[in-house]
**Q** 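Got a structure here, written out as structure tokens. Questions coming.
Everything numeric here is computed off the predicted structure, so don't read it as measured data. Below, chain A is the first sequence line, B the second, and so on; all start at residue 1.
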Number of protein chains: 2
Amino acid sequence: MASATIRDVARAADVSVASVSRVLNNHANVHPDMRERVRAAIEALGYVPHAGARSLSLARTQAIGVVLPDLHGEFFSEIVRGMDRAVTPAGYHLLLSNMHADADLAAQALRTMRGRVDGLIVMAPHLTADALEAALPRGLPTVMLNTVPSGDRAGIRVDNAAGIRAAVAHLAATGRRAPVHIAGPAGNVDAVARRDAFTAAMRDYFPDAPVEIVDGDFFEEAGLAAVATLIAAGTNFDAIVAANDMMAFGALQALRDAGRQVPAQVAVTGFDDVPLSRYLGLTTAHVPLVDMGSRAIDRLLALISPGAKGARDPDLIIPELIVRRSSGAPETF
Amino acid sequence: MASATIRDVARAADVSVASVSRVLNNHANVHPDMRERVRAAIEALGYVPHAGARSLSLARTQAIGVVLPDLHGEFFSEIVRGMDRAVTPAGYHLLLSNMHADADLAAQALRTMRGRVDGLIVMAPHLTADALEAALPRGLPTVMLNTVPSGDRAGIRVDNAAGIRAAVAHLAATGRRAPVHIAGPAGNVDAVARRDAFTAAMRDYFPDAPVEIVDGDFFEEAGLAAVATLIAAGTNFDAIVAANDMMAFGALQALRDAGRQVPAQVAVTGFDDVPLSRYLGLTTAHVPLVDMGSRAIDRLLALISPGAKGARDPDLIIPELIVRRSSGAPETF
DNA sequence: CAGGTCTACGTAACCGGTTACATGGTTCGG
DNA sequence: CCGAACCATGTAACCGGTTACGTAGACCTG
């Protein structure tokens, strides 16, 4: 019992397919009687239009593709949630796709979106501009999120330097002497920018202190490991600037396990302000994740709709430092 | 500069579209020369196959639709993450769609999936079986998640009663005298099941205590409000069994604000075990969210693939109570 | 009442792929 | 040397919608 098609409906109502289509799409100039006959036939057959076929002939899918490296942690969840929020009222759907680190597979993932979506949101902080530009299907409106600016594509980015600088400045202002940085993965644009920003900020705010940086990978365990490394090496530090919140959580845990008081002995800051940070009282550079998601969709929809082509200067989001108890604010939670 | 089509490629390589198609799909019986010519043309034109057109003729979209009430909080995020995990290696995509509470809109959301996906995962704890059955497109393989069992559809459900019972039993075993329940929204199957289970468990474990229940809606604020209500009413309680984790978090916060010690004066339990619970030390009924997501996909893919029709008995997931410090376990985090 | 408009509807081409079937050319066994 | 079997390829129908275009009849208008 395959589903009924528009031709089945036409036959049942004894009209042409064109008329059925007109009724379905509420076109003008259809006689009320006809409308009624068709509606009855649709009802009787339980007909539901085939979105795929419709997409093909209209060249519009009402779907937008979201390609991201991984769906792990609150970071991505929040962004996707923001997208979802913006996409639903506009009558679009979200098509999720994971892009692996491997450039070839990434290209593959991007290609399979052709003909499936009306536009693309790409989050690829781990790809180089070249690899990305080579992989992006031509003629498909695209908005890049936290990705190396490629060509003249529309994009939304976080001002990594501003976030790190604010954290370091805050630590200096509250009397810390020796901050260290737990960095993100080497190939990641954001991670690199934050690392560089840390070095620069240290020069400005702690000109006499050595710049100590431990490698990480944005996951919680890396935060744990980094603190273990620091302690094992006997490094002197009284503040940790983690490249993201998850690693900061790991660091908090490790510090607690090691018996170091936070914030009395060590201040900790993160980056992103995922929801969890509020609960754990983590000082962090707030990135409006949900908002970024919605905004990316809005940008993309604007690109898609009429002949719009303008406003392709990338939005830059300036994170605001939220001071919580992990860096010495009075106990509030 | 519209994208090239398969006919453009055929023309450029001076072969027929059938041959191009054969090369694209690695069919046997194509001469190496031909293969090479076609590959060259594809390369030259930057041709990328149109997935939509392919779907139409193959009647397979390689996408599966996920319809859920809302994308809020870790609960859904985790489940979606699990789905994503399972779907990617199988070469499928996830198409997200939000279903509003309104039954008509819900039906609408389900209908628009026709022709867009090969199967559906529906999470609709807030719909009645009738409304749902009426809205589900016929002939589309469907797996229901935490939804009233409708017809003979495949489904995966959490044993709400077991989870609540375990929590209540635990409270009894650790010497609590007067637990109260913060319930979920009225129309929600899970919420209702948990509420009923609480009443039943109270009868068994606290036969002499009154059954106190405060209404909530699964959101954090409801937990806050519920505690405020209890305190304002002067209700006597030394344990709170929240219908989900988010409300438990709200309760924890409100208790702290009111100066009541957790767990010394009041024990708190949740339901779901979202990641946050581990961080906040909440005792809760663990539901393998990521796993549920993957499993739902696996079930669905099994339904889709050959002529498989069997195994439609709904999986029942028995939550395991994870005891953490909110209910009196020794401080561990 | 002839000719022009307008309305309501049907016919058929088209969107971009896949594939059943047909066809011309080789190879091979008898 | 002939027909069968096989191989590589082309032709055209099909998937399920949309819509440009054509047309028959109703309605005006002078």
**Q** Would you mind reporting whether A/I297 and A/R85 have side-chain heavy atoms less than 4.5 Å apart?
**A**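 Not in contact.
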**Q** Quick check on DNA chain D: between B/D33 and B/S57, whose nearest nucleotide comes earlier from the 5' end?
**A**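 Counting from the 5' end, the first nearest nucleotide belongs to B/D33.
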**Q** State whether B/N29 places a side-chain N or O below 4.0 Å from either non-bridging phosphate oxygen (OP1 or OP2) of D/dA8.
**A**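 The answer is yes; a side-chain N or O of B/N29 sits under 4.0 Å from OP1 or OP2.
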**Q** Can you check whether B/V117 reaches B/L140 side chain to side chain, under 4.5 Å on heavy atoms?
**A**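 A side-chain contact under 4.5 Å exists here.
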**Q** Specify the separation, in whole Å, of atom CG of B/L24 and atom P of C/dG17.
**A**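 Result: 8 Å.
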**Q** Can you check whether A/R54 has a side-chain N or O nearer than 4.0 Å to OP1 or OP2 of D/dG16?
**A**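 Result: no.
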**Q** Do A/V20 and A/S16 come within less than 4.5 Å of each other through their side chains, counting heavy atoms only?
**A**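 No, too far: nothing below the 4.5 Å cut-off.
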**Q** Could you state the CG-P distance from A/L45 to D/dG17, rounded to the nearest angstrom?
**A**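 To the nearest whole Å, that distance equals 12 Å.
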**Q** Report all interatomic pairs (protein N or O, nucleotide N or O of nucleotides 19-23 of chain D) with separations under 3.5 Å.
**A**
none

**Q** Round to the nearest Å and state the distance from A/H31 atom NE2 to C/dA8 atom P.
**A**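 So the two atoms are 8 Å apart, to the nearest Å.
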**Q** In whole angstroms, how far is the P atom of C/dG17 from the CZ atom of A/R116?
**A**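 Computing the A/R116:CZ to C/dG17:P distance gives 13 Å.
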**Q** In whole Å, I'd like the distance from the CZ atom of B/R7 to the C1' atom of D/dG10.
**A**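 Atom-to-atom, B/R7 to D/dG10, this comes out as 13 Å.
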**Q** Shorter than 3.5 Å, N or O on both sides, protein versus nucleotides 24-28 of chain D: list them out with atom names.
**A**
none

